[in-house]
Amino acid sequence: MKKVDGEFIKGRIAPCGLHCGKCFAFADGDISYHSGELKKALGNFDVYAQRFVEMLDEPVFAKYPDFKEFLNHLSVATCQGCRKEKCKLFKTCNVRVCSEEKQVDYCFQCSHFPCENTGFDEHLYKRFVAINRRMQEIGIEKYYEEVKDLPRY
Ligand code: SF4
Ligand code: SF4
């Protein structure tokens, strides 16, 4: 079992507050892990999916190849998290570089928070502000406890 300390949390919660650990692209994330496990559990289901279309009269099984392709995609996630590499999702994000310049681990620790420098769209900016306010209110460890089992989406 991995030790949950400040460094562990920093590996999962980005400077903006978003939870990389729950991102579909995160290599060590729940989505990638469970997709790999589901892939293993399904084994050679391709053959059966085809048969079940007629045997069970369930056309939904014809969609299995697309589902499998998507599951494969989720199971080979490679992102090491925001602090280690550029985010693949939010290409206009300024936060990581800015937080390094300001020498803060999280934006709520910055004297400019909430700033207009994030590069986020309106939706993400609202989440950024709400998350950082919550982290500010209860502290990063408690915040992590609060969100560690919640989906990000
Ligand atoms: S850096 Fe971006 S792509 Fe990578 S895990 Fe975090 S949110 Fe996902
Ligand atoms: S200026 Fe804004 S983006 Fe940069 S560290 Fe401070 S709060 Fe975060």
Side-chain angles (χ1 to χ4, degrees), residues 1-43 45-46 49 60-153:
M1 187 128 164
K2 286 169 192 162
K3 189 177 161 212
V4 178
D5 56 13
E7 282 309 301
F8 177 87
I9 295 172
K10 266 166 59 180
R12 279 174 159 61
I13 306 284
C16 67
L18 282 185
H19 194 170
C20 284
K22 297 289 180 181
C23 173
F24 77 88
F26 191 55
D28 194 23
D30 291 359
I31 292 179
S32 173
Y33 171 76
H34 290 297
S35 299
E37 291 299 299
L38 182 54
K39 242 176 87 176
K40 275 194 245 164
L42 283 163
F45 195 77
D46 309 66
V60 72
F61 284 98
K63 295 181 180 172
Y64 184 68
D66 285 345
F67 172 72
K68 186 181 172 187
E69 190 181 338
F70 188 54
L71 195 59
N72 276 339
H73 181 71
L74 293 179
S75 70
V76 294
T78 57
C79 187
Q80 297 301 311
C82 173
R83 293 174 199 271
K84 293 201 177 146
E85 59 182 277
K86 192 167 164 47
C87 181
K88 295 169 179 65
L89 307 183
F90 305 113
K91 296 194 168 69
T92 59
C93 174
N94 300 324
V95 175
R96 186 180 74 143
V97 171
C98 184
S99 66
E100 284 169 2
E101 285 167 8
K102 300 282 189 300
Q103 299 187 322
V104 293
D105 289 334
Y106 302 97
C107 282
F108 74 86
Q109 298 162 333
C110 172
S111 58
H112 300 273
F113 174 76
C115 73
E116 296 296 328
N117 185 40
T118 58
F120 295 156
D121 62 22
E122 199 186 331
H123 172 81
L124 189 54
Y125 185 76
K126 276 188 193 154
R127 283 193 71 194
F128 155 78
V129 173
I131 290 171
N132 274 278
R133 292 229 159 101
R134 186 66 182 151
M135 293 198 291
Q136 195 166 38
E137 192 186 345
I138 62 174
I140 184 64
E141 279 86 7
K142 281 195 180 144
Y143 178 76
Y144 184 71
E145 273 300 307
E146 203 168 76
V147 298
K148 71 180 174 49
D149 298 319
L150 298 178
R152 163 175 164 151
Y153 304 105

Of all heavy-atom pairs between [X] and [Y], which one has the smallest distance, and what is that distance?
X   : Y    : value
R83 : A14  : NH2-C, 3.6 Å
C82 : C20  : N-SG, 3.5 Å
C98 : N117 : SG-ND2, 3.2 Å
L74 : S35  : CB-OG, 3.3 Å
I31 : C23  : CD1-C, 4.3 Å
K68 : D46  : NZ-OD2, 2.9 Å

Next on the checklist: Run Y125 and E116 through side-chain contact (heavy atoms from CB on, under 4.5 Å) and show every step you take.
Outcome noted: CA-CA 9 Å; Y125 185 76; E116 296 296 328; 3.6 Å; yes
Parallel, tilted or perpendicular for [X] and [Y], by the 30°/60° rule?
X    : Y    : value
F113 : F128 : perpendicular
F67  : Y64  : tilted
F108 : Y106 : parallel
F61  : F45  : tilted

Checklist entry - Which residue pairs pass the salt bridge (charged side-chain N to carboxylate O under 4.0 Å, His left out) test with at least one member in residues 86-104, sequence neighbours excluded? => result E85-K88
Next on the checklist: Salt bridge or not between K142 and E137? Use side-chain N to carboxylate O under 4.0 Å.
Outcome noted: no
Using a 4.5 Å cut-off on heavy atoms from C-beta on, say whether the side chain of [Y] contacts that of [X].
X    : Y    : result
Q80  : D28  : no
N132 : M135 : yes
Y33  : S75  : no

If you round to the nearest 0.5 Å, how far is [atom2] of [Y] from [atom1] of [X]?
X    : Y    : atom1 : atom2 : value
I140 : D105 : CD1   : CG    : 9.0 Å
C107 : I131 : SG    : CD1   : 10.5 Å
L18  : I13  : CG    : CD1   : 8.5 Å
D5   : K10  : CG    : NZ    : 10.0 Å
S99  : H112 : OG    : NE2   : 12.5 Å

Checklist entry - More than 12 heavy atoms of other residues, nucleotides or ligands under 6.0 Å from CZ of F8: is that the case? => result yes
Determine whether a donor-acceptor pair (N or O, by modelled atom type, separation under 3.5 Å) exists between the side chain of [X] and the backbone of [Y].
X    : Y    : answer
Y153 : F24  : yes
E141 : G139 : no
T118 : V95  : no
R152 : G21  : no
D30  : K22  : no

Next on the checklist: Between F26 and H19, is the ring centroid distance below 6.0 Å?
Outcome noted: no
Item to check | Working for side-chain contact (heavy atoms from CB on, under 4.5 Å), residues F90 and L124 | outcome: CA-CA 10 Å; F90 305 113; L124 189 54; 3.5 Å; yes
Next on the checklist: Applying the side chain to side chain contact (heavy atoms under 4.5 Å, CB included) criterion to L71, which one of V76, D66, L38 satisfies it?
Outcome noted: L38
